[in-house]
2 protein chains.
Amino acid sequence: MILIHLDKNSSIPLFQQIIDQLILMIEKGNLREGDKLPSTRAFSEKLGVNRTTICRAYDELWALGYTESKQGGYSTIRKRDRNVVLTPKLNADLFDWNSHVSVGYLQLESRMNQLKMDENLNSIDFRRLAPDKDCMPVELFRKCANQIMLDQGSTVFQYGDPAGYLPLRDSIAKQMQFHSVSVQTKEVLLTNGAQNALDLVFRMLLNPRDKIAIGMPGYAALIPLLKLYQADIIPITIKEDGLDLEELEKAMISENLKAVYTMPNFQNPTGISTSQTHREKILHLCERHSVPLLEDGFEEEMKYFGKNILPIKSMDSKGIVIYIGTFSKILFPGLRVGWIAAEKKVIEKLTRIKKAGELSGDQLNQAILNLFYEKGYFDQHVKKMHRVYRKRMQITHKALSRFIPVYVKYTKPQGGYTIWFEVPAEGKSEEDFMELLANKGVLVSPGSHFLTKASESVNFRISISCVNEEEIWTGIERIGLILKNE
Amino acid sequence: MILIHLDKNSSIPLFQQIIDQLILMIEKGNLREGDKLPSTRAFSEKLGVNRTTICRAYDELWALGYTESKQGGYSTIRKRDRNVVLTPKLNADLFDWNSHVSVGYLQLESRMNQLKMDENLNSIDFRRLAPDKDCMPVELFRKCANQIMLDQGSTVFQYGDPAGYLPLRDSIAKQMQFHSVSVQTKEVLLTNGAQNALDLVFRMLLNPRDKIAIGMPGYAALIPLLKLYQADIIPITIKEDGLDLEELEKAMISENLKAVYTMPNFQNPTGISTSQTHREKILHLCERHSVPLLEDGFEEEMKYFGKNILPIKSMDSKGIVIYIGTFSKILFPGLRVGWIAAEKKVIEKLTRIKKAGELSGDQLNQAILNLFYEKGYFDQHVKKMHRVYRKRMQITHKALSRFIPVYVKYTKPQGGYTIWFEVPAEGKSEEDFMELLANKGVLVSPGSHFLTKASESVNFRISISCVNEEEIWTGIERIGLILKNE
């Protein structure tokens, strides 16, 4: 018997009140592993609320790792390794930090515990999404580093403009012009990678409970970050050409969206690229409904097959698009240099936020990277990456059509690094399936990392960024075997 | 005639409602430059609210740059260069970003506009607070950079632990042990400088309208950051030995503080160091009232006179202290490496936040810095800095007692870089005084940057970090002349 008290006059939404109270019962042990939650229909009648409110609460509980969704539609309490929110087992003498944390932090933590990775060095690892170690131009970078320190001396070690090292902002503006985006140097802000760029933009835009539409499945690390902002994620289905436009427009009309986030190239995790026409339609929707559009230009440089498609930002005449770029997925992930290209007024605002949180950018890395760019090493490197990954993706496509059974759906990316699988569940859970794969020596990224709602199928992502051609072939062969024997 | 409508049932505090409405009137032009605000007594009677509510609102308006406080106690509307919040003069075609920003951002922007600096290359510049360019060991750092890239190759360019490069965390734990702080490697998190450390801690602790006690005058860049969090700053007077303990305890009893922030060495801006006994008392207060203590270990290494005083963290048996350190004020400001030392559970929480916002630390810089430390170059550098700055501070003390008239109060720091002045106002405003100094070729940091309330005297800070002995002598001589002719 589950007792929930709802306060319809509270500023806390009903679904959130339900979540909070259910979590408390789980944490206190009043609800235990295996306990069934009422059906959404029964529960909605009992509480006198709309059934979608209950569905929403159940989805959220699942996303927080508190429940499992079983076939037949009911939810049960999951076995959990440890308590997420309330852990009152601190040494009595020590300060109890758990009762001193912010609401945003608690929301972040609940989502983050899900995202742990086991390491297994002997497996074929399709999880990593970063340029291959063997492709990194370390020697050229080292030479640039020397030259910068010799030429600039202590100048490059001073506090710098919080918007970043000016010559690199200039180089990036030029690089974006190659992609037909017309931005000036002052419309570029340097960040500590793309994740920091997202963080700055959210700080500028979001109040708690603001709504943001993102494609689902979607970029895994976006979800905990948005939890930290207590933002409300409105999931939009990713179809064969990207965001489902009908769903998006409906959300714009009914939800008072604060922003739309999209990753039009080789979307992470699906690898799907959005066509030029589709991009234009997204932009027009945002313009019509006055909703800021965040374009994550993820893997912009990794178009190694077919025709070049231009960024949405290239069509943005009203300055409604904030473009986010990074060097982490093509050059050095550990260097932490990304950027935001947006209207000057937006860059000014974001620079204030950057300054408030960090005072100054990292001048040294930015200056070295700029010299690397100016010497033409970046272009050279992009060409090399295309050669390497074009071959890898060709092998991937071949292995997929050879080894993967027909009843399994997977995407066929025209570039980038990732492929997304949809396997009919047939009673198997994602965890079971990951275990089968791991026992066979294959590590993939579980689909739930990229979702905010339970999926009817079992999903996973593979990334070919850190596996060679032989590993790709063998790895996909093993995946195929598991799928067939299942 | 000023019409204010107060909603006593609103969740927005009364002082905030008053501020919001006055700002709107100023922005709309209903209140203009030079207009007098009602006296606090008259206004409080008219609105039927406590007089302290009005005082609070007036202080805040002053801090936001909207008013001037004149002798005699009334406030007048200030001349302002541009509108802060509402600037509806965008091109009609462009997207109106100003109406899409978060509440936190608006609060940040209002405080940040105050903090602009004019550049004047021919003046003696006592404003910069960073190690002198001429003291930076660039050549040694370059050699370390080479060695790291040659030895580690692409390994150091991978995504790294979001808590930072493990060997540097280890070195920092050792360095803190020299200061009698017992922390393990896992109790150290690397950050992008101390400002990023503060940002991470605030993200963990603060909800909007949470209260935090900070010494006043206090670290200027802390104020806009706290505005971004919509935090409520409870100012505690800085006396000759640091935070006023009576005031602090009163605040702890009456205000439900979320944290206390303190900078016990060479406090910025006053240069005041807190004694060991005083440090102990602050710690005990925090323990007794269960309020987390943020110890900003600013310039920990810059104790070049007298006896070493230990960090508060060294006495922290309950894990209630979060210690923040940085290399920016002793080595390279542009390198952006700072750290947090705290109880392991706190570090785990902060690491989650760091990961959510940036995924990975900057491995390369951290690895180079670690080698620099391991080779003993850091110790060597600290000794050199002591030699240089001991002499500079001696000259400073000599020049101060020679040139500054007796009715002007100034601090006499035992290390660090900064000195704080209190000049009887006698009708002169801070702006007038800064202008007099600038005309004489001396640039100092205006006191209002370090305050949240109008001060009865004119205050300013000088920093001797980037001026040589001759400039110190001449600069202080000029300041003395202005003070005498005033």
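Per chain, numbering begins at 1; letters A, B, ... match sequence-line order. Just the heavy atoms: all of them, side chains too, but no hydrogens, waters or symmetry mates, feed the values below. This structure is a prediction, so every number in the text was calculated from the model and none was measured.
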Tell me, for [X] versus chain A, whether the close heavy atoms (under 4.5 Å) come from the side chain, the backbone, both or neither.
X	result
B/Ile368	neither
B/Val101	both
B/Leu150	both
B/Tyr165	neither
B/Ser317	backbone

Is any side-chain heavy atom of [X] less than 4.5 Å from a side-chain heavy atom of [Y]?
X	Y	answer
A/Tyr159	B/Arg336	yes
B/Tyr105	A/Asn207	no
A/Glu343	B/Phe95	no

Criterion side-chain contact (heavy atoms from CB on, under 4.5 Å) on B/Leu206 and A/Ser102, from CA distance to verdict | CA-CA 5 Å; B/Leu206 299 181; A/Ser102 64; 5.7 Å; no

Results of side chain to side chain donor-acceptor pair (under 3.5 Å) for A/Glu358 - residues two or more places apart only | A/Asn192, A/Lys354, B/Asn192

Under the salt bridge (charged side-chain N to carboxylate O under 4.0 Å, His left out) test, which residues partner B/Lys143, sequence neighbours left out?
-> none

Using heavy-atom distances under 4.5 Å, tell me whether [X] contacts chain B through its side chain, its backbone, both, or neither.
X	value
A/Met136	side chain
A/Val103	both
A/Glu287	neither

Does the side chain of A/Lys345 pick up a donor-acceptor pair with the side chain of B/Asn98 at under 3.5 Å?
-> no

Roughly how far apart are B/Leu108 CG and A/Arg203 CZ, rounded to 0.5 Å?
-> 9.0 Å

